[in-house]
Visitor: 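Let me begin by handing over the structure; questions about it come next.
What you see is a predicted model, and the numbers here were worked out from it, not measured in a lab.
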Amino acid sequence: MIQETHTKQKGIQLSEAALKRVKILRDEQGSELCLRVGVRQGGCSGMSYMMDFEDISQISEEDESFDYDGFKIVCDRKSLLYLYGLMLDYSDAMIGGGFQFTNPNASQTCGCGKSFGV
């Protein structure tokens with residue numbers, strides 16, 4: 001179930017559960033990190049989601065960044081064409097738990113939810 005977003009104005013949206021989880025993961029690695037979200041070719045539906053932490057010094061002028069209470073999510077502009085409006089949610093359920101991507105731009109998604117096609 002997708003929870004209420006922190007704000008509806010951002011190109012990449014986070015549920016409260018996802019924001020809480022990424023902050024915990026970031027704090028385990030270091031506080032000067034942002035979350036980079038993007039896409040790459042591959043996966044069973046043609047494109048796969050990618051996300052990883054990186055140092056905030058790596059943010060370039062070619063990136064779009066979204067602030068959530070001092071936590072930054074960064075996406076390159078090319079990926080944002082495919083991800084605009086993406087909702088990132090998190091569940092700690094034993095089956096089907098983890099991060100879930102709900103992408104309004106995807107015309108097809110694979111069963112695992114980690115890749116998509118447009």
Visitor: Anything under 30° is parallel, anything over 60° is perpendicular, the rest tilted; go ahead and classify Phe101 against Tyr49.
Guide: parallel
Visitor: Other hydrophobic cluster members with Met50, side-chain heavy atoms of Ile/Leu/Val/Met/Phe/Trp/Tyr under 4.5 Å, chained?
Guide: none
Visitor: Considering all heavy atoms of both residues, which atom of Cys34 and which atom of Asp55 are nearest to each other, and what is their separation?
Guide: SG-O, 4.4 Å
Visitor: Nearest 0.5 Å, please: how far is CD1 in Ile24 from CD in Gln29?
Guide: 13.0 Å
Visitor: Can any side-chain N or O of Gln100 pair as donor or acceptor with the backbone N or O of Gly98 at less than 3.5 Å?
Guide: yes
Visitor: Taking the six-membered ring of Tyr68, is the NZ or CZ of Lys10 close enough (under 6.0 Å from the centre) and on axis enough (within 45°)?
Guide: yes
Visitor: Could you pull out all residues at least two apart from Asp52 that satisfy side-chain hydrogen bond (donor to acceptor under 3.5 Å, both in side chains)?
Guide: none
Visitor: Just jot down the side chain to side chain contact (heavy atoms under 4.5 Å, CB included) partners of Ser60, sequence neighbours excluded, or say none.
Guide: Glu62, Asp63
Visitor: Nearest 0.5 Å, what's the CG-NZ distance between Asp67 and Lys72?
Guide: 4.5 Å
Visitor: Grab the two heavy atoms, one from Phe71 and one from Val22, that are nearest each other, plus how far apart they are.
Guide: CE2-CG2, 3.5 Å
Visitor: Would you check if Val39 and Tyr82 make a side-chain contact, meaning some heavy-atom pair closer than 4.5 Å?
Guide: yes
Visitor: Just jot down the side-chain hydrogen bond (donor to acceptor under 3.5 Å, both in side chains) partners of Glu54, sequence neighbours excluded, or say none.
Guide: Arg36
Visitor: Tell me, which pairs form a salt bridge (charged side-chain N to carboxylate O under 4.0 Å, His left out) where one or both residues lie in residues 25-35, sequence neighbours left out?
Guide: none
Visitor: With sequence neighbours excluded, tell me which residues meet side-chain hydrogen bond (donor to acceptor under 3.5 Å, both in side chains) with Ser79.
Guide: Asp76
Visitor: With rounding to the nearest 0.5 angstrom, report the CG to CE distance, Leu83 to Met51.
Guide: 12.0 Å
